[in-house]
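Per chain, numbering begins at 1; letters A, B, ... match sequence-line order. Just so it is clear, the model here is predicted, and its values are computed rather than measured. FYI, side chains are in, hydrogens and waters are out, and symmetry mates aren't considered; it's all heavy atoms of this structure.
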2 protein chains.
Amino acid sequence: MPHELKPIKPKRISDQVFDQLRELIFRGEFKAGEKILTERELAEAFGVSRTSVRDAINKLVVMGLLDQKQGQGTFVRLPESSEKSVLATMVESQDASITDLLEVRMGLECNAAALAASRAVEKDFQFMEKSIEEMQKEVKSGRLGNEADASFHMAIAYATNNPLQVFIMKNFYDFLFTGIKVNLEGLYKVPGNIVTILNQHQAIYQAIREHNPEAAHGAMKLHINFVYHFFGGRVGD
Amino acid sequence: MPHELKPIKPKRISDQVFDQLRELIFRGEFKAGEKILTERELAEAFGVSRTSVRDAINKLVVMGLLDQKQGQGTFVRLPESSEKSVLATMVESQDASITDLLEVRMGLECNAAALAASRAVEKDFQFMEKSIEEMQKEVKSGRLGNEADASFHMAIAYATNNPLQVFIMKNFYDFLFTGIKVNLEGLYKVPGNIVTILNQHQAIYQAIREHNPEAAHGAMKLHINFVYHFFGGRVGD
DNA sequence: CGATATTAATGGTATAACCAATTTATGGGT
DNA sequence: ACCCATAAATTGGTTATACCATTAATATCG
């Protein structure tokens, strides 16, 4: 069969519109943050129905390339918000809140702390210590210390020696920085909170160091519960 | 028991349809590969226009949960046919084992059981009962009952009323079926195991029904530990 | 019986009209 | 001139209806 037959691809109209719009966005014809043509204008420009245009736009919205607001228009999504972590998109599309996230963390991290208590080795302890010290420094110099906070929790994840646990937690903390940093700053900025958090970290670290799973579990529970209450949630027990 | 106040945002009607359809898929009411109701039927059933139904379906198609073919209908996408779940790639690239997965589930699901115990409503109970009964039937007719097993755990996830919990667990169970089904069959095929698992489910259900978080947590722990030991793991406590 | 034409079912497109949220223009009152 | 409530215009969201395009089931004819 010498020649490849090029055949007609019976493409849906909405898909053709989709392709063209996507290209316009990628090429930068529609600049980031900018308002694009209205649905009615696009329909007329392409010579198709508004329905087809809407279908195409919807697809782009779901894919995170466009944002649509009733009464205002359709906007090109900013690049930073488009390459979000898995969790970020997850949280948005599932309408999850920060307390929802904390509830899942409650299960995830308490268990991780217990596992870490029975498996952590010297290297893991060093990482935890380092994170705690770093957080103390940052606090003294007036900074927030949120990065060191995350490092501490990640150190626990590593100590579980469970790659899946590490992967999932990493996604959680990536999201905490990209998605809801603003909210978290509220937590850190209340003066007493940082000291409290530091003490809680220390308690967790102690329990793990003593290879006491139950204590580690409990200490982590107290810690996350503290944050959870700060955001107005309430834990079941 | 009110865990949190969520913003009352007047949702688009297409999104409300989307939520319901997604729930039906996640809960397993629409089984994988199955043809769902037609757009016109759904429109009438929901009492909305076909356009709104189409918008919702389109979103689900883009997300990879549904497949649509002109002239045929709309189908629930098989997990394997969709791009590999987040977990699948995760487990492969991080070479995580099934015991790693079970360890994470331990934290995730024990916590979920406790949350469910304090929040579950009548509807949730009905789903759990249904899953248990279904599993009993399947076992009697000589089948494995793994789907009903997954449904039971998903029912608990839904009872937490935490969309993130639902999303994550859904990914876990999709993976359990696609990625390591073979291994799981080893578990189900040992004669006594299914009865044991059924009893454990019943115990979990009872605890949740009685709104006893601690008991639910413990019952779930026993359950997952049982599976965990079957695969040669050992839990820290 | 088998190949073919017909029909029915289902997703895709097109209009037109109206609703709901938002912005902009308008018009008095100070 | 300024401020602010009100009306009008703009724009995405929804509905309704009709028709097109593709596929599967059915009927028809040789």
Side-chain angles (χ1 to χ4, degrees), chain A residues 5 7-22 24-25 30-78 81 92-93 95, chain B residues 7-22 24-25 30-31 33-78 81-82:
Chain A
L5 291 189
I8 302 134
K9 25 176 157 182
K11 256 191 173 174
R12 283 175 296 210
I13 296 214
S14 64
D15 279 347
Q16 298 180 41
V17 175
F18 168 84
D19 286 337
Q20 292 204 43
L21 287 181
R22 187 183 50 182
L24 287 172
I25 296 170
F30 288 164
K31 301 196 193 314
E34 203 173 60
K35 176 167 172 285
I36 71 173
L37 275 52
T38 70
E39 295 180 348
R40 290 170 175 86
E41 289 170 335
L42 285 171
E44 192 181 1
F46 283 126
V48 300
S49 75
R50 197 182 146 206
T51 308
S52 298
V53 172
R54 276 185 62 80
D55 282 352
I57 290 181
N58 277 329
K59 202 168 166 182
L60 289 163
V61 168
V62 175
M63 287 184 165
L65 289 157
L66 291 178
D67 261 332
Q68 223 171 6
K69 284 172 191 170
Q70 185 172 180
Q72 297 184 240
T74 306
F75 305 83
V76 180
R77 199 153 191 178
L78 302 166
S81 58
E92 269 188 19
S93 67
D95 303 310
Chain B
I8 304 175
K9 52 171 166 184
K11 271 190 165 179
R12 283 178 296 217
I13 163 104
S14 66
D15 278 348
Q16 298 180 41
V17 175
F18 168 83
D19 284 337
Q20 292 204 43
L21 289 180
R22 185 186 53 183
L24 287 172
I25 297 171
F30 288 164
K31 301 204 189 311
E34 203 175 60
K35 178 169 173 287
I36 71 173
L37 274 53
T38 70
E39 296 179 347
R40 292 170 174 84
E41 288 170 334
L42 285 172
E44 192 181 2
F46 283 126
V48 300
S49 76
R50 195 182 145 204
T51 306
S52 297
V53 172
R54 278 184 61 80
D55 283 350
I57 289 181
N58 277 327
K59 201 168 168 183
L60 289 164
V61 169
V62 175
M63 288 186 164
L65 276 75
L66 291 179
D67 261 332
Q68 220 171 10
K69 286 173 191 168
Q70 184 173 172
Q72 296 183 246
T74 306
F75 305 83
V76 179
R77 195 158 186 177
L78 302 164
S81 73
S82 79

Residues at least two apart in sequence or cross-chain that pass side-chain contact (heavy atoms from CB on, under 4.5 Å) with B:Q72, listed by chain then number, are B:K69, B:F75
All N/O donor-acceptor pairs, side-chain side in residues 50-57 of chain B, below 3.5 Å, sequence neighbours left out:
unit_1, atom_1, unit_2, atom_2, d
B:R50, NE, B:E39, OE1, 2.9
B:R50, NH2, B:E39, OE1, 3.1
B:S52, OG, B:S49, OG, 3.4
B:R54, NH1, B:E39, OE1, 3.4
B:R54, NH1, B:E39, OE2, 3.0

Contact state string [nucleotides 8-19 of chain D, B base, S sugar-phosphate only, - no protein heavy atom under 4.0 Å]: ---BBBBB--BB
Apply side chain to side chain contact (heavy atoms under 4.5 Å, CB included) to the pair B:V61 and B:R77, showing each step before the final yes or no. CA-CA 9 Å; B:V61 169; B:R77 195 158 186 177; over 6 Å; no
Using residues 31-38 of chain A as the side-chain source, report each donor-acceptor pair under 3.5 Å to any protein atom, sequence neighbours left out, with the distance given to one decimal.
unit_1, atom_1, unit_2, atom_2, d
A:K31, NZ, A:G28, O, 3.4
A:E34, OE1, A:K31, N, 3.2
A:T38, OG1, A:E41, N, 3.1
A:T38, OG1, A:E41, OE1, 3.4

Tell me: CD of A:Q16 to P of C:dG12, nearest whole Å? 14 Å
Taken to the nearest 0.5 Å, the spacing of B:R12 CZ from B:Q16 CD works out to 11.0 Å
